[in-house]
Amino acid sequence: MTDPYWGDMAGVGFGGFKRSPRDRALVLVDESDLDAQLLAIRGVLRRHRGAESQVAEEIKELDTHIRAYAGDDQEYQMHMEDQWANTLHGTVFQDAAHSMSAVGMLAPFVESLFASIFRGLRERAPGGAAIDPRAKATQAQYWNPQIVFGKDGPRDDIVAGIEQLATSIGLQPYLPDGYRRTLSALFGYRNNMFHNGFEWPLEARQKFANRLEIERWPGAWFSQATRDDKPWVFYMSDEFIAHCLQMIDKVLEGVGRYLEDHKMDLK
């Protein structure tokens with residue numbers, strides 16, 4: 001077997017095998033198909049990369065044709081140049097479509113994962129201290145990671161809510177370093193793509209470009225096409241997609257270690 005998690009999953013509670021931290025996390029979230037979902041996401045992403053590579057080859061072929069006819073047939077050369085320009089223009093939106101598909105799979109998966117984790121911990125983890133900003137919340141609000149509690153009361157903010165709730169129950173040290181920054185970038189991009197489509201309003205583009213600098217997201221996480229030297233279309237990079245998938249694995253590993261260290265019963 002080549003699946004890196006096959007051995008862990010096959011040994012859950014059978015034949016004397018010890019549960020791995022990841023196994024414990026999977027039992028907690030009560031999601032036996034989680035790995036299958038991740039495999040499906042990875043499969044779609046691989047197909048997208050294949051399609052992008054094919055278009056890149058077509059562009060190279062058109063460029064070769066244009067160079068071959070340079071100076072010989074001006075009318076045909078202009079036709080080829082128009083076709084080349086149209087192909088390049090089309091790739092902007094093809095890449096945007098692939099990027100929207102990627103964030104459309106990853107963001108809901110991550111949001112659902114954290115909701116499942118906190119739902120599983122609700123009957124097991126200790127509550128916060130009296131000074132905890134979530135202390136006066138109802139149980140439903142307390143365990144809802146989509147809500148963060150501040151001086152003016154609760155507000156919707158899933159990134160801040162996850163961090164606040166994780167801190168409240170002592171899970172924070174077990175989560176991967178920099179996970180909040182990753183979530184901010186993932187959900188920030190998701191919100192823009194699903195509210196604005198491929199071509200965001202100019203103000204939204206500039207705001208996102210500014211956010212890249214203000215929040216110091218790594219430059220390799222996003223790329224962009226420009227028009228008139230201004231941001232036009234933003235894309236998630238392969239590096240950021242891979243980083244998000246790695247974060248998911250690290251979150252599961254960390255939650256499993258949290259369960260082990262706190263000796264929480266998963267029966």
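Worth knowing before you read on, the calculation uses all heavy atoms, side chains too, and leaves out hydrogens, waters and symmetry mates.
Put simply, the residue from Arg180, Gln146, Gln164 that forms a side chain to side chain contact (heavy atoms under 4.5 Å, CB included) with Val159 is Arg180. Among Leu121, Leu28, Ile117, the single residue meeting the side chain to side chain contact (heavy atoms under 4.5 Å, CB included) criterion with Tyr258 is Leu121. With Phe234 as the partner, the ring-ring contact (aromatic ring centres under 6.0 Å, His included) test is satisfied by one option alone out of Phe222, Phe240, Trp200: Trp200.
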Extract all donor-acceptor atom pairs below 3.5 Å that involve side chains of residues 170-179 and protein atoms in other chains or at least two apart in sequence.
from: Gln172; atom 1: OE1; to: Tyr179; atom 2: OH; distance (Å): 2.7
from: Tyr174; atom 1: OH; to: Asp261; atom 2: OD2; distance (Å): 2.9

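In this structure, Trp217 has its ring center no closer than 6.0 Å to that of Tyr189.
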TODO: Check the pair Asp23, Ser20 against side-chain hydrogen bond (donor to acceptor under 3.5 Å, both in side chains), reporting the backbone distance first and the verdict last.
DONE: CA-CA 5 Å; Asp23 295 332; Ser20 71; 3.0 Å; yes
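Following chains of ILVMFWY side-chain contacts shorter than 4.5 Å, one cannot reach Leu202 starting from Leu212, and the two form parts of different hydrophobic clusters. Transitive grouping of hydrophobic side chains (ILVMFWY, heavy atoms separated by less than 4.5 Å) keeps Ile158 and Ile147 in distinct clusters.
Inter-residue side-chain proximity for Arg257 and Arg24 is flagged as unmet; no heavy-atom pair is nearer than 4.5 Å. Here the side chains of His243 and Trp221 are in contact, with some heavy-atom distance below 4.5 Å. The shortest side-chain heavy-atom distance between Gln224 and Val233 does not fall under the 4.5 Å cut-off.
At distances below 3.5 Å, at least one donor-acceptor pair connects side-chain atoms of Ser116 with backbone N or O atoms of Ser112. For Arg216 (side chain) and Arg211 (main-chain N/O), no donor-acceptor pair under 3.5 Å exists by modelled atom type.
A donor-acceptor contact closer than 3.5 angstrom links the side chains of Trp232 and Glu199.
Arg181 and Glu215 are not joined by a salt bridge, as no carboxylate oxygen comes within less than 4.0 angstrom of a charged side-chain nitrogen. Under 4.0 Å is where a charged nitrogen must lie from a carboxylate oxygen, and between Arg190 and Glu111 at least one such pair does. Using a 4.0 Å cut-off between a side-chain N of Lys or Arg and a carboxylate O of Asp or Glu, Arg22 and Asp35 qualify as a salt bridge.
Atoms CG and CG, on Asn144 and Leu165 in that order, are 8.5 Å from each other to the nearest 0.5 Å.
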